[in-house]
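In each ligand, atom 1 is the first atom listed, and ligand 1 is the first ligand listed. Here the structure is a predicted model, which is why all the values come from computation and not from measurement. Atom set for the values below is all heavy atoms of this structure, side chains included, hydrogens, waters and symmetry mates excluded.
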Amino acid sequence: MTDKNWPQTPHNNNGIPAIDAEQQKLLHLVEQTDLLVEQGASSDQLLRQARDLIIFTASYFKREEKVMQALKHPSLADTLTTQSEILQSLLLDFNKRDFNQEAIAEFIVFLKNSLLTYFKISNNHFTPPYNILSDKITTALSETVSLAKHHAVNIYIVDDEQQYVDMMIEMVGIAGLSAKGFTSAKLFINHPVVDTDIILLDLNMPGIDGIEVMRTLYDKGCMPTYILVSGFDDRVLHSAKQFADAKNILVARKLSKPINTKKFIRYISQLHIETRLQLTNTCVPHKKAASAPRKLSLEQLKVAIHENQLVLFYQPKLNITTNKVTGFEALVRLQHPELGLIFPDQFIAMAEQNNLISELTSEVFRLATKDYSRFRSAGINPGIAINISAQDLLDLSMPERFYELAKAKNIPPEAITIELTETAILKSVSDSLDILNRLRMKGFSLSIDDFGTGYSSLVQLYQAPFTELKIDQSFVMRMLDDDEALSIVKICILLAKELKLTSVAEGIESQEIWNKLEQLGCNLGQGYFISKPASIDACCEWVEKNSVLKSSPYVDSSNLP
Ligand code: C2E
Ligand code: CA
Ligand code: CA
């Protein structure tokens with residue numbers, strides 16, 4: 001490659017402002033490319049555009065590297081291959097190989113996301129954290145086009161049938177990776193395995209079967225990522241995955257035999273990229289970590305409730321069709337002067353077991369109604385959702401108290417949704433129904449939370465006057481990789497529609513899930529993809545910045561059944 005390939009940007013030795021101008025140009029080019037993808041341009045057109053984009057990006061990084069060299073940026077010293085060198089070899093690869101339209105489109109989207117992340121990171125700091133990006137882009141870009149061979153993630157195939165082992169090794173090879181095969185599970189469990197390995201595991205093997213392999217490795221403290229393979233029907237795979245989930249063993253994918261080659265190659269490439277990213281940076285959470293216990297004592301909890309240490313974070317609920325905010329769910333946290341911010345999983349159960357929940361709920365109600373006025377004075381007129389506990393359903397005075405509190409703050413009860421889980425009702429069905437009916441008659445909305453995880457969801461729905469059905473996040477999060485979860489989500493949406501309830505999906509973590517829910521006709525959505533729970537100030541700012549409907553009605557009925 002000669003220098004004439006890099007004429008696009010001027011070399012510049014001092015320049016942060018110049019970087020900004022160049023960033024804009026680059027983003028403009030990315031947008032043009034994105035548009036071509038959307039318009040379904042031919043693979044020739046796309047390839048040309050992708051090539052231009054790589055040249056421009058490389059040119060951008062080459063100049064940035066010069067700036068960093070001039071500034072003697074320390075991270076550059078540890079970098080073996082610079083960003084521009086990677087892109088340069090990427091271009092060579094592009095010229096050499098035949099890519100189909102889908103692969104190019106996928107690559108373009110990938111490059112765009114990487115650049116956006118990079119720009120975001122570098123704008124937040126004066127000097128761009130070059131190495132972090134370098135690792136990320138090096139890994140991901142090179143995985144995408146199989147430029148480099150990485151050895152840090154080992155792939156193992158464990159299947160008693162030799163022909164399946166051979167076939168899978170071949171398919172892994174097509175994905176540009178390599179794998180080691182085992183036809184004996186007994187031999188395999190004595191092989192050293194580390195957490196960053198990927199194991200393609202057949203469930204049905206004579207002697208030691210797949211479940212036993214997972215259990216044995218788990219007992220040894222090994223937590224690799226699995227792709228489960230089985231010749232039995234899908235239910236076997238599904239329940240094996242449930243076993244793994246219960247032990248917090250990571251099963252990334254399930255595959256039925258005979259194996260669909262295309263699917264297999266896609267899965268293994270994706271998973272390899274994810275695992276590599278995991279290895280080099282911490283931006284993708286791999287295994288869900290529970291919040292670390294803070295050892296809050298009962299006494300500290302009592303003090304917290306009475307001395308204003310409870311704080312509310314809010315998470316928006318959006319109409320999935322119009323993208324407009326219909327309300328905010330209040331989620332309680334405990335701001336302890338020494339222990340810091342404590343999450344509800346550390347104190348709700350303690351409050352329930354020690355008869356403190358009614359005081360806690362009252363405090364949450366008081367804070368939420370106070371914040372409601374603040375939302376309103378910021379020009380936002382949303383609905384507010386409050387979570388209550390099983391024990392709150394034993395307090396027969398609750399509907400009247402809540403009603404009076406709302407009235408005193410001039411809040412229409414229709415603006416307040418009370419969320420409760422189905423198991424909450426089970427403690428005392430008759431008292432629960434009494435309270436729920438009276439809450440409803442006073443105008444409050446009622447939401448059945450974590451729907452599908454309790455024992456008699458349908459009976460609860462039948463008996464109690466719910467207005468909203470919240471599909472549990474465990475189904476929503478998995479719905480694109482797990483057919484059973486998808487079926488449950490579909491049925492919940494249909495059920496809500498039939499019963500004339502608003503359907504809400506919580507735990508939306510990606511655009512893809514959002515799109516799928518929109519396609520399925522789900523009414524409202526909530527999740528990290530839209531916004532994590534945040535302070536009221538951050539929420540007001542968020543509404544302002546995203547110019548999402550400020551004066552939204554608390555119940556946006558435009559899309560309801
Ligand atoms: P929940 O009512 O089901 O609330 C949803 C939980 O999921 C929240 O956790 C929220 O931060 C989290 N979440 C939301 N979107 C996503 C996502 O996209 N991905 C992931 N991974 N998580 C997401 P949080 O705030 O820790 O609350 C946990 C639970 O504590 C709540 O579950 C609720 O049952 C209980 N809780 C929270 N506030 C109160 C309260 O004021 N009173 C009572 N009784 N319980 C509360
Ligand atoms: Ca909730
Ligand atoms: Ca929930």
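Inclusion of Asp472 in the first shell of the Ca ion (ligand 3) is not supported: no N, O or S atom falls under 3.0 Å. The Ca ion (ligand 2) has an N, O or S atom of Asn387 inside 3.0 Å of it. Between the Ca ion (ligand 2) and Asp449 there is an N/O/S contact shorter than 3.0 Å. For the Ca ion (ligand 2), the N/O/S atoms of Glu506 include none lying under 3.0 Å.
Residues Asp245 and Lys241 are paired through a salt bridge, judged by an N-O separation under 4.0 Å between the basic side chain and the carboxylate. A salt bridge links Lys254 to Asp482: one of the charged nitrogens lies within less than 4.0 Å of a carboxylate oxygen. Between Arg235 and Glu484 there is a salt bridge, with a side-chain nitrogen of the basic residue lying less than 4.0 Å from a carboxylate oxygen of the acidic one.
The atom of Asp450 nearest to the Ca ion (ligand 3) is OD1, with the search restricted to N, O or S atoms. Distances from the Ca ion (ligand 2) to the N/O/S atoms of Glu419 are shortest for OE1. Nearest N/O/S atom of Glu329 relative to the Ca ion (ligand 2): this is OE2.
Within the listing of ligand 1, atoms 11 (O) sit less than 4.0 angstrom from a heavy atom of Pro533. Proximity to Asp450 (heavy-atom distance under 4.0 Å) selects the following atoms of ligand 1: 3 (O). The distance from ligand 1 to the heavy atoms of Val364 drops below 4.0 Å at these ligand atoms: 41 (O). For ligand 1 and Gly527, the ligand atoms under 4.0 Å from any heavy atom of the residue are 15 (N), 18 (O). Annotation for ligand 1: atoms under 4.0 Å from non-hydrogen atoms of Gln315 are 14 (C), 15 (N). Within ligand 1, the atoms closer than 4.0 Å to a non-hydrogen atom of Met477 are 19 (N), 20 (C), 21 (N), numbered from 1 in the order shown.
Remark: the Asp392 side chain and the Thr361 side chain contain an N/O donor-acceptor pair separated by less than 3.5 Å. In this structure, a donor-acceptor pair under 3.5 Å is absent between the side chains of Asn515 and Gln519. In summary, the side chains of Thr453 and Asp472 do not present any donor paired with an acceptor at a separation below 3.5 Å, with no hydrogens or angles considered.
Atom 37 (C) of ligand 1 has its nearest heavy-atom neighbour, among Ile386, Thr453, Ile513, Leu331, in Leu331. For atom 36 (N) of ligand 1, the nearest non-hydrogen atom from the set Ala351, Pro344, Gly507 belongs to Pro344. Nearest-residue assignment for atom 23 (C) of ligand 1 (options Phe529, Phe347, Phe365, Tyr528; heavy-atom criterion): Tyr528.
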Run the side chain to side chain contact (heavy atoms under 4.5 Å, CB included) test on Leu356 and Ile305 for me, step by step, so that the C-alpha distance in whole Å, both residues' side-chain angles and the decisive distance to 0.1 Å come before the verdict.
CA-CA 9 Å; Leu356 290 171; Ile305 296 173; 4.1 Å; yes
Could you go through Arg366 and Glu363, starting from their C-alpha distance and side-chain angles, then the distance that decides it, and tell me whether this counts as salt bridge (Lys or Arg N to Asp or Glu O under 4.0 Å)?
CA-CA 5 Å; Arg366 188 186 69 79; Glu363 178 63 1; 3.0 Å; yes
Residue pair Glu509, Lys532: steps toward the salt bridge (Lys or Arg N to Asp or Glu O under 4.0 Å) verdict
CA-CA 10 Å; Glu509 290 190 352; Lys532 285 192 171 178; over 6 Å; no
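Under the 6.0 Å cut-off for aromatic ring centres, Phe375 and Tyr314 qualify, their centroids lying closer than that.
Heavy atoms of Glu329 come nearer than 4.0 angstrom to ligand 1 in at least one pair. Residue-ligand proximity: Gln526 is placed with every non-hydrogen atom at 4.0 Å or more from ligand 1. Heavy-atom separations between Lys470 and ligand 1 are all 4.0 Å or longer.
Neither the backbone nor the side chain of Asp345 comes within contact range of ligand 1; no heavy atom lies under 4.0 Å. Counting heavy atoms under 4.0 Å from ligand 1, residue Ile508 touches it through the backbone alone. Residue contacts with ligand 1 for Asn387 involve both N, CA, C or O and side-chain atoms from C-beta outward (heavy atoms, distance under 4.0 Å). Contact annotation for Arg333 and ligand 1: only side-chain heavy atoms (C-beta onward) come within less than 4.0 Å of the ligand.
The shortest N or O to N or O distance between Ser389 and ligand 1 is below 3.5 Å. An N or O contact shorter than 3.5 Å links Val332 to ligand 1 by distance.
Taking a 6.0 Å sphere around CD of Glu359, one finds it holds more than 12 heavy atoms contributed by other residues, nucleotides or ligands.
A side-chain hydrogen bond (donor to acceptor under 3.5 Å, both in side chains) with Ser447 is found for exactly one of Glu329, Glu468, Lys317, namely Glu468. With Val332 as the partner, the side-chain contact (heavy atoms from CB on, under 4.5 Å) test is satisfied by one option alone out of Ile348, Val311, Ile342: Ile348.
Remark: the backbone N or O of Ala538 is paired with a side-chain donor or acceptor of Ser535 at under 3.5 angstrom.
A cation-pi arrangement is absent between Lys442 and Phe444 under the rule of less than 6.0 angstrom and at most 45 degrees off the ring axis.
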